[in-house]
Structure formats: structure tokens, C-alpha cells
Amino acid sequence: MTQRRIISIWFPRYAMERWRTARADTDDSLPLALASKGTRGTVIDAVNDAAREGGAKAGQKLTDARAICPDLIIEPSDTEGDADWLARLGLWTQRWSPWTAVDGTDGLLLDSTGVSHLFGGEPAMLGDIQRRFDDLGFTSRIAMAPTIGCAWALAHFGERDRMIASSDTLDTMLAPLPVASLRIDSDDVLLLRRLGLKTVGALADIPIVSLARRFREKEESRTNPLHRLEQARGRIEEVVEPLIPQTLYRAAKRVAEPVLYVAILKPILADLAEKLCRKLETAQRGLRRMRFEAFRVDGHIAVLAAETAAVVRTPDHICRLFAERLETLDAGFGFDAFALTALWHEAMPAHQKGLEDDEAEGLSPPHLIDRLSARIGARNVRRPIAYPSHIPERSVVWRPALEQNPPISTLGPERKRPIRLFDHPEPITVIYATPEGPPKRFRWRRKLHDVVKVEGPERIAPEWWRERSTVRLRDYYQIEDEEGRRYWIYRNGLTDDGRGGSPDWFLHGLFA
């Protein structure tokens with residue numbers, strides 16, 4: 001069984017370095033601090049090197065920091081912007097692993113189980129991660145371990161910027177670290193130090209039964225030092241929610257040199273589509289929604305998404321859905337990693353090819369819908385969908401062809417309906433024998449039609465829950481004229497129904 005490998009990435013100066021990347025004209029020689037208002041007044045959130053040398057530090061009150069460093073420049077913290085950018089960095093790190101998560105306000109977690117060999121091994125992979133974050137302007141400390149707790153502890157309190165622990169060395173590498181590396185409250189850290197338990201190793205040497213009574217009031221695992229210790233040592237499983245809730249079928253590719261020209265993206269996309277379709281075919285799944293991601297060297301991710309009207313597993317068709325939109329991508333300083341992900345997939349059994357199962361010529365309707373939607377926009381390609389209503393013009397609504405619509409049960413027994421139903425019934429002039437009888441002759445669009453056959457009436461009452469009380473009932477007739485043409489007409493209202501004058505007649509549809 002493959003050993004689990006977790007990567008913890010910590011940015012010890014994240015807030016300040018993100019602030020600097022957004023403002024290239026910052027003078028680093030001046031003492032600068034980012035501050036926000038809290039329950040204890042204005043508090044320092046981050047400082048640069050000049051402010052740190054002047055005595056200011058994170059967590060300090062603004063008044064205290066100003067007393068120590070009078071020249072301190074204060075800028076407001078952007079906590080929402082920091083969180084948003086950290087989440088974007090988490091998505092950007094999917095170039096190394098499809099499972100990524102945000103860790104607090106200044107860190108990321110990656111599950112690299114079984115993927116490090118794609119990057120030349122674990123040391124090379126960590127080196128590549130740190131080098132790319134250096135290029136983005138972020139100082140990072142990175143650790144890889146079998147557990148989240150151990151990786152976090154080594155990244156925050158390890159002796160080097162890059163550390164790797166295996167299941168055999170986990171306890172040895174945790175032992176010299178301070179108890180604060182177990183991600184516990186400061187009050188518990190102080191209590192353990194007073195008890196003489198200053199390192200993880202010292203805490204691990206104490207029988208758990210002896211300390212369980214001391215921390216029995218800490219029911220939450222996030223605040224219980226013993227629970228955190230067992231998580232770090234891998235004896236209790238720890239679950240973290242990733243940025244993407246579930247691991248999806250995905251194909252990824254890296255290139256040696258950044259791609260600056262969009263024309264080169266087409267063969268890359270074709271290769272990704274081929275790989276993804278092979279994975280889907282093995283699992284007997286088909287695509288309904290997919291996403292193409294191009295990772296730029298400066299941290300930006302260019303994204304294109306596509307949907308299909310039916311499940312597909314054809315690389316050529318997938319490439320056509322993205323081909324015309326590749327020109328819209330901004331390469332910037334170049335793309336160096338790519339991914340094609342199945343966001344929505346459904347069961348699609350293996351399909352027999354050849355012999356008696358010959359391929360049909362032409363373009364299938366689902367593929368035509370997909371290509372039209374990709375070219376002119378998904379909202380501009382629509383199809384009729386059944387809607388639960390007795391009123392004919394309301395029984396069908398138009399929805400985007402790619403939209404998944406639940407099946408609608410019919411209301412009552414099946415009724416014969418015309419092949420063409422007008423959006424708006426057209427008024428006609430009718431001659432009849434009796435006011436409430438079928439028509440004998442009618443005029444529509446300036447032409448007179450003699451009725452030779454009549455079927456009906458079919459009465460449709462108003463929908464009282466959405467109509468006004470003045471709306472009249474309808475009596476529908478299927479009629480045929482002397483030339484064999486068949487129509488669907490209705491009388492709107494009855495004589496003396498108290499909802500208007502004489503009934504009106506309308507033509508609503510045409511039969512074959």
C-alpha cells in the first residue's frame with residue numbers, strides 16, 4: 001500500500017509579501033506595518049524587516065509599536081484579499097497535486113501521495129515548489145510527512161526550510177520540536193511548559209492515561225494536546241476539506257519551456273484529452289462538464305470550461321469545444337503546466353466498434369449542440385422542455401440545450417397535440433350553427449376555410465392559482481377543412497358566463 005504523503009507549505013511573511021507584490025513601488029527601507037482593528041484596539045498584523053529591526057512585531061498593539069518605533073508607517077490589512085489570494089494560490093498548486101487545501105491564513109496543504117516521481121522524487125518536488133514561490137515573491141517553508149500534523153510541525157518549527165519525514169523517522173523528527181508545534185492553544189502550551197513538558201518528545205514519553213484526566217475538559221480535538229499528538233504521530237486520522245470537494249478524473253502535463261504562443265496549446269490539449277478519455281474509458285464514465293486550466297509562471301490560472309448535451313468520451317470532440325476559445329487566453333510570461341479535469345461525469349458503458357456496429361456519418365445532434373454552444377454561447381442554443389401546466393402555451397418552456405433538466409411528469413392522460421403550436425394564439429372569425437357548437441366556417445389570415453370534419457371539444461379551465469378571476473375557459477376543437485388541412489382552434493369563453501361579452505375564437509396550432 002502506498003504511504004500517504006502530505007506537503008505543508010507555510011508562508012511566514014505572507015500578508016506583508018502579498019501587500020508588497022501588489023505595490024511594486026514600496027520602499028523596503030522604511031518601517032512598515034499592516035494593522036487592523038480588533039477587540040483590544042488596533043493591532044499589528046504584519047511587519048517588514050525594517051519595522052522588525054525597529055522593535056515592532058505582529059500581535060503588538062499599535063500604541064506599543066509606535067512607542068518603540070516612532071517612524072512606523074501603518075497601512076490597513078486586507079484580510080479578505082489575503083484569503084482570496086491564498087485560495088488562488090491553492091488552486092495554482094494543483095500543478096503538483098489535484099488535492100490541495102488552505103491551511104489557516106498563511107499556509108497550504110497538498111496530498112502528494114503517489115505523484116512525487118513525476119517531478120523527479122520528493123526532494124526535487126519540494127525544491128521546485130519552493131523555487132516557484134520564490135519567483136512569486138513569497139518566502140516559504142515546506143515539509144513533507146505521512147501526516148498533516150507532522151508536516152505542519154516541521155514546516156513551522158523545523159530546523160530547515162525544506163524537510164522530509166517518513167513513517168520510520170516521524171517520531172524522531174517530531175521529538176525535539178516544541179509543544180507549540182502540535183497546533184494547540186497558547187494556554188495549553190504554557191501549562192505544558194510549567195509541567196516541564198517543553199518538547200513533543202517529552203510529552204510523548206508520558207503515559208496518555210496520566211495526562212488524559214488533566215485535559216478531559218477539552219472535548220474538541222482541535223484543542224486537546226493529546227489528540228493533536230496522536231494525529232501528528234499518525235495514530236488518529238485527520239480529515240481536511242480540500243478546495244475541490246472530491247478528486248475528479250484529471251489529466252495533467254508539464255512543459256520544459258514556458259509556452260508563449262496559443263497555437264502550441266492545441267497539441268497539448270489533444271494530448272490531455274486523449275489521456276483523460278483513456279482514464280474515463282477504464283472507469284466506464286463519460287464527460288458532461290470539463291475544465292481546461294493553463295498555469296502561468298506568474299501564478300495566474302487561465303481557465304476554459306465546456307459542457308456537453310450528452311455524455312462523451314471522444315478526444316477530437318473535446319478538442320473542438322475548446323479550439324476556438326484558446327485564442328482568448330492571455331499567455332503573459334508563458335504557461336508551463338496544463339490540466340484537463342472532468343467536473344461532471346456519468347456512467348458510459350464501453351461501446352463496441354467495428355463489424356456490425358459501424359460509425360454513423362455526419363454530426364450527431366448532441367455533438368452539434370455542443371459545438372454550437374461553444375461557438376455562439378450556451379444561452380443562445382435552447383431546446384423545449386416540458387412544464388407542468390394545463391394551458392398549452394405554458395406546457396413548454398425553452399431552456400439552454402446544455403442545461404440538465406429533471407423529467408417532468410405529464411398532468412393527466414396523454415392528449416393529442418399539434419406538431420406546431422403557436423407561441424401566441426391568432427384570432428380568427430368563425431361562423432357556427434349554435435353559439436356553443438363547433439364552427440362551420442372560419443377566416444384566418446384573410447382566407448376562408450370550410451370545415452368538413454370536427455373532433456371535440458376538449459375543455460381546458462383556467463389555472464385559478466395563477467390567473468385572475470376574469471380569465472375564461474377554453475373549448476378546443478380539432479378541425480379539417482375542404483383541402484385536408486387540419487387545425488387546432490378554440491373558443492375562449494361561453495355565452496353569458498359573466499366574464500365578458502361574446503366568446504372569441506383563436507387558432508392555436510397546426511396538425512400534420
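Since this is a predicted model, take the numbers as computed values, not measurements. All residue numbers in this chain count up from 1 along the given sequence.
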Nearest-0.5 Å distance that lies between atom CG in L260 and atom CZ in F333: 10.0 Å
Given side-chain hydrogen bond (donor to acceptor under 3.5 Å, both in side chains), test D111 with T113 step by step and report yes or no. CA-CA 6 Å; D111 190 338; T113 305; 2.6 Å; yes
Flag the pair R13 and D106 as a salt bridge only when some basic side-chain nitrogen lies within less than 4.0 angstrom of an acidic carboxylate oxygen. no
Taking K253 first and then D271, would you say they form a salt bridge - that is, a charged N and a carboxylate O separated by under 4.0 Å? yes
Determine whether R95 and D336 satisfy the following criterion, salt bridge (Lys or Arg N to Asp or Glu O under 4.0 Å), listing intermediate values before the conclusion. CA-CA 9 Å; R95 59 174 55 229; D336 63 345; 3.0 Å; yes
Do R291 and E307 pass the salt bridge (Lys or Arg N to Asp or Glu O under 4.0 Å) test, and can you show the C-alpha distance, the side-chain angles, and the key distance before you say yes or no? CA-CA 9 Å; R291 179 178 64 209; E307 293 188 31; over 6 Å; no
Indicate whether any N or O donor in one side chain lies under 3.5 Å from an N or O acceptor in the other, for E17 and T139. yes
Below 4.0 angstrom, N of the basic side chain to O of the carboxylate: do D84 and R18 qualify? no
Note: E274-K279 ion pair, threshold 4.0 Å (strictly below): no
Rounded to the nearest 0.5 Å, what's the gap from OG1 on T199 to CG on L177? Could you check? 8.5 Å
We want to know whether D103 and W152 form a side-chain donor-acceptor pair, criterion being a heavy-atom distance below 3.5 angstrom. yes
Judged by atom type as modelled, is there a donor-acceptor pair below 3.5 Å linking the side chain of D185 to the main-chain atoms of D188? no
Hey, do the aromatic rings of W10 and F157 have their centres closer than 6.0 Å? no
F295 and W96: ring-ring contact (aromatic ring centres under 6.0 Å, His included), yes or no, with the steps? CA-CA 11 Å; F295 299 86; W96 294 290; 8.8 Å; no
Is the shortest side-chain N to carboxylate O distance from D134 to R131 below 4.0 Å? no
Is a donor from one side chain sitting under 3.5 angstrom from an acceptor on the other, for D168 and S166? no
Under-4.0 Å salt bridge between E122 and R162: no
Measure the spacing between NE2 of H317 and CZ of F322 and express it to the nearest 0.5 Å. 10.5 Å
Quick check for you: to the nearest 0.5 Å, what is the distance between K198 atom NZ and L192 atom CG? 12.0 Å
Within this structure, what is the NZ-CZ distance for the pair K57 and R52, rounded to the nearest 0.5 Å? 11.5 Å
How long is the span from the CG atom in L91 to the CD atom in E293, to the nearest 0.5 Å? 7.5 Å
N/O donor-acceptor pair under 3.5 Å between Y14 side chain and D82 backbone: yes
Side-chain donor-acceptor pair under 3.5 Å between E463 and S389, yes or no? yes
Any side-chain donor-acceptor pair under 3.5 Å between D45 and S77? yes
